[in-house]
Protein chains: 2
Amino acid sequence: MAARAGVARKTVSNVINNYPHVSDDVRARVLAAIEELDYRPNHAARSLRSGRSRIIGLAVPELDVAYFSELARLVVEVAQKRGLTVMIMQTLGDRDRELAVVNGTSTQFVEGLIYSPVALGGADLEGRRDRTPIVLLGERSSQGLVDHVGIDNVAAARTATEHLIEIGRRRIAFIGSQRAATSEIAQLRTAGYRQALESAGLKVESRLIIPTAGYHRKDGLLAMRKLLKRAGGPPDAVFCATDLVAQGAIRALLEHGLRVPEDVAVAGFDDIDEGRYSTPTLTTISPDKRQIAETAVDRLLARAQSKTDLPVNDTVTGFTLVVRESTAGRTASG
Amino acid sequence: MAARAGVARKTVSNVINNYPHVSDDVRARVLAAIEELDYRPNHAARSLRSGRSRIIGLAVPELDVAYFSELARLVVEVAQKRGLTVMIMQTLGDRDRELAVVNGTSTQFVEGLIYSPVALGGADLEGRRDRTPIVLLGERSSQGLVDHVGIDNVAAARTATEHLIEIGRRRIAFIGSQRAATSEIAQLRTAGYRQALESAGLKVESRLIIPTAGYHRKDGLLAMRKLLKRAGGPPDAVFCATDLVAQGAIRALLEHGLRVPEDVAVAGFDDIDEGRYSTPTLTTISPDKRQIAETAVDRLLARAQSKTDLPVNDTVTGFTLVVRESTAGRTASG
DNA sequence: TTGTATGCGTTATCAT
DNA sequence: ATGATAACGCATACAA
């Protein structure tokens, strides 16, 4: 206990939480004592008593997927500005882990959770008993149940595909439609791709739509190899569901002796830093990650602070198309 | 309190902590009640009372630097197997944030901390009052003060440089010596580079050693541009302090019309996934990240569980040289 | 084997 | 403006 040397007793608490009505004299003494004794409030006790922890959770599928690590960095930065600490968790897209996160089994002490779902759908969130505020990222699987922040995936995919059409490509493939029908993101991006083709009067060929198991470089590599084996010859452009998939696809194209973008133009999705330096640099859809991070943290904060139930909010954040060498310019090497 | 419907009172605690002497009958009833009421032990209360939290901290400079995100992924996986949750923090290499982490100001409730230092040196750790166990990663700045896990950076850098010599290169540059003299890693890797050159009877030319501000792609790009402007013409090989630096350097070489590896061979350090798919794929030093993660977590666990003070431990983990296209094979495109 | 009382360090409530 | 007291929910020691 901090009935510290100086004098005061639990006025310490007031000082620490800078309660307004404390005389400068007392405050100074307490502060001095804190410094001297290297006193540090006990987080567990404080949290137990007050019910607040100043910690928010961030649950993502994989920490080493660049999109999520870049997002995590931003969420931590934004939270820090708001005086919050972030507890980052990794679900690996595993259903049990996601349930544990959402139901607080492994999260009881966070004041709110920013969560990027993979395995869970609306039904799972409906039965939720935990009262912790949640903000969903990416998948909009649970319409109207909890807050959501993300871009318009259909519009973004359409924009990317339209760009490929504008540069004169006609045989445009899509990689990353996802085998499991559970992925809403995959469906939305596929839809945007289809819309762009149809609007341009181009035929949607199912053999040019390649599903993947995941969204890693390897998935892109394997999918592109498969595509190149199919009858009809290679496409003249490919839109990939993520930048990582695009990098893998490019690798497969080069292995096959095809040039990017001369023979095949490639566009990705996410705008990870890698694409600004790779060979060729990667054309991509750039979601406003900072806006996503800020909106998500602020939403959580609003809910945590409000006593009344706030209406469910769905914020649609911005994106831009970033054109780089993989669809347009000359490559660095030529 | 959970004097739950069923019958028992605070035997609940016994059941939850699976205290051995509980009759099956009672245990079953308690378990049922827990399920029924969706009871969840309060983390704060438990932690306050027991002094343990089952949470460890991981503090890295930047979450979106691939080496750290890959390491974070592994640490989380290993910790999960040991029944621990990981609280990941980001210091941004900022001295104040690192001090806060090390002194528990923003960490009081973790049982141990795995910490990758950037701004702090031995002196800072010496004055530490916090009793939380720490395992240092990478920098060995505080010899003998706290546990440390990491590879032999000198030997690894020497191995990489020797490889460049073996494939016939003679004018070998090093990028990433770091401006600030504080970086021990930079010094060690530079030392290994020098050793290899000297052993081979090659001259160490200071104009071939380029310092960088950080270890990002951009730093590599800028450093290589600077190197290419210097008198004496381009080197025939470059060893880079990290893979990201190497990717930036390769980009600068291609911009300059030079081929990798034909004109300039490039080797990196870290073995991040990107290097397995980039064009060209990247030769690199591959530290055993899983071993690092496992050793670090286990060390923490050992200290947290032991009542007595354990002797300070410094574990040297393994590494391998992975040869890829950037120094050897044919590139995918040719 | 199970129940009872006490206290972990803090904040909230209420007096003063 | 400050001080005393209770309570947060659990685990521990001990009694039953």
Side-chain angles (χ1 to χ4, degrees), chain A residues 1-34 37-55 83 85 104-111 129-132 304-305 307, chain B residues 1-34 37-55 83 85 104-111 129-132 304-305 307:
Chain A
M1 208 322 170
R4 36 195 54 288
V7 260
R9 327 207 92 205
K10 284 135 197 183
T11 314
V12 178
S13 176
N14 287 336
V15 173
I16 289 179
N17 300 289
N18 44 51
Y19 179 69
H21 305 296
V22 186
S23 68
D24 294 350
D25 174 44
V26 174
R27 162 167 281 121
R29 288 216 306 278
V30 172
L31 253 33
I34 285 180
L37 303 192
D38 193 41
Y39 168 79
R40 230 167 265 125
N42 179 300
H43 183 86
R46 169 184 287 217
S47 167
L48 171 60
R49 179 64 232 212
S50 69
R52 281 170 296 121
S53 64
R54 307 301 300 168
I55 296 178
T85 303
T105 311
S106 74
T107 324
Q108 330 83 323
F109 67 98
V110 303
E111 289 187 46
R129 278 154 143 177
D130 198 294
R131 304 290 305 150
T132 314
Q305 280 165 7
K307 283 295 156 202
Chain B
M1 212 322 166
R4 37 194 58 286
V7 260
R9 326 208 95 208
K10 286 140 197 180
T11 314
V12 178
S13 177
N14 287 337
V15 173
I16 289 179
N17 300 290
N18 44 50
Y19 181 68
H21 306 296
V22 186
S23 69
D24 293 351
D25 174 44
V26 174
R27 162 166 282 122
R29 287 217 306 280
V30 172
L31 253 30
I34 286 180
L37 302 191
D38 193 41
Y39 169 79
R40 226 166 269 126
N42 179 299
H43 183 87
R46 169 186 287 223
S47 165
L48 172 60
R49 179 63 237 230
S50 69
R52 281 171 296 120
S53 64
R54 307 302 299 167
I55 296 177
T85 303
T105 310
S106 74
T107 323
Q108 329 81 324
F109 66 97
V110 303
E111 288 187 45
R129 277 152 144 177
D130 198 293
R131 305 289 306 150
T132 314
Q305 280 165 8
K307 282 296 158 201

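Bear in mind that the values here come from a model prediction, so they are computed numbers and not experimental data. Naming: A, B, ... by sequence-line order, numbering from 1 per chain.
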Indicate yes or no for a side-chain donor-acceptor contact from S47(B) to the backbone of A44(A) under 3.5 Å, with no hydrogens or angles considered.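 Not at all, since once roles are kept as given, no pair shorter than 3.5 Å links the two residues.
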Would you classify R40(B) as touching base, sugar-phosphate or nothing, given that sugar-phosphate means primed atoms plus P, OP1 and OP2, and contacts are heavy atoms under 4.0 Å?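 The answer is sugar-phosphate, as R40(B) gets under 4.0 Å only of primed atoms, P, OP1 or OP2.
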Atom pair distance, as rounded to whole Å: [atom1] in [X] and [atom2] in [N]:
{"X": "R29(A)", "N": "dA1(D)", "atom1": "CZ", "atom2": "C1'", "answer": "13 Å"}
{"X": "Y39(B)", "N": "dG9(D)", "atom1": "OH", "atom2": "P", "answer": "10 Å"}
{"X": "R54(B)", "N": "dA11(D)", "atom1": "CZ", "atom2": "C1'", "answer": "16 Å"}
{"X": "I16(A)", "N": "dT10(C)", "atom1": "CD1", "atom2": "C1'", "answer": "9 Å"}
{"X": "L37(A)", "N": "dG9(C)", "atom1": "CG", "atom2": "C1'", "answer": "15 Å"}
{"X": "H43(A)", "N": "dT10(C)", "atom1": "NE2", "atom2": "P", "answer": "12 Å"}
{"X": "R46(B)", "N": "dT10(C)", "atom1": "CZ", "atom2": "P", "answer": "21 Å"}
{"X": "I34(A)", "N": "dT10(C)", "atom1": "CD1", "atom2": "C1'", "answer": "13 Å"}

In terms of side-chain heavy atoms of [X], which of [options] is nearest?
{"X": "V26(A)", "options": "dC10(D), dA6(D), dT2(D)", "result": "dT2(D)"}
{"X": "A45(A)", "options": "dT10(C), dA1(D), dG9(D)", "result": "dT10(C)"}
{"X": "S23(A)", "options": "dT11(C), dT2(D), dG9(D)", "result": "dT2(D)"}

Can you tell me how far NE2 of H21(A) sits from CG of N14(A), rounded to the nearest 0.5 angstrom?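 Interatomic distance, N14(A) CG to H21(A) NE2, rounded to 0.5 Å: 10.0 Å.
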To the closest 0.5 Å, what do you measure between CZ (F109(A)) and OG1 (T132(A))?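 Those atoms lie 11.0 Å apart.
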Apply side-chain hydrogen bond (donor to acceptor under 3.5 Å, both in side chains) to D25(A) and list each qualifying residue two or more places apart in sequence or on a separate chain.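 For D25(A), the residues satisfying side-chain hydrogen bond (donor to acceptor under 3.5 Å, both in side chains) (neighbours in sequence not counted) are R29(A).
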Within less than 4.0 Å of OP1 or OP2 of dT11(C), is there a side-chain N or O belonging to S13(A)?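 Yes, within the criterion.
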Strictly below 4.0 Å: does N42(A) bring a side-chain N or O up to OP1 or OP2 of dC8(C)?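 For dC8(C), OP1/OP2 do not have a side-chain N/O of N42(A) under 4.0 Å.
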Taking the nucleotide of DNA chain C with the closest heavy atom to each, which residue, L48(B) or R52(A), is nearer the 5' end?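 It is L48(B), whose closest nucleotide lies nearer the 5' terminus.
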Enumerate the residue pairs fulfilling salt bridge (Lys or Arg N to Asp or Glu O under 4.0 Å) with a member in residues 38-53 of chain A, sequence neighbours excluded, ordered by first and then second residue.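 Sorted pair list: D38(A)-R40(A), D38(A)-R129(B), R40(A)-D130(B).
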Is it the case that the base of dT11(C) and the side chain of R49(A) share a donor-acceptor contact (distance under 3.5 Å, atom types as modelled)?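 By the distance-only test, yes, there is a pair.
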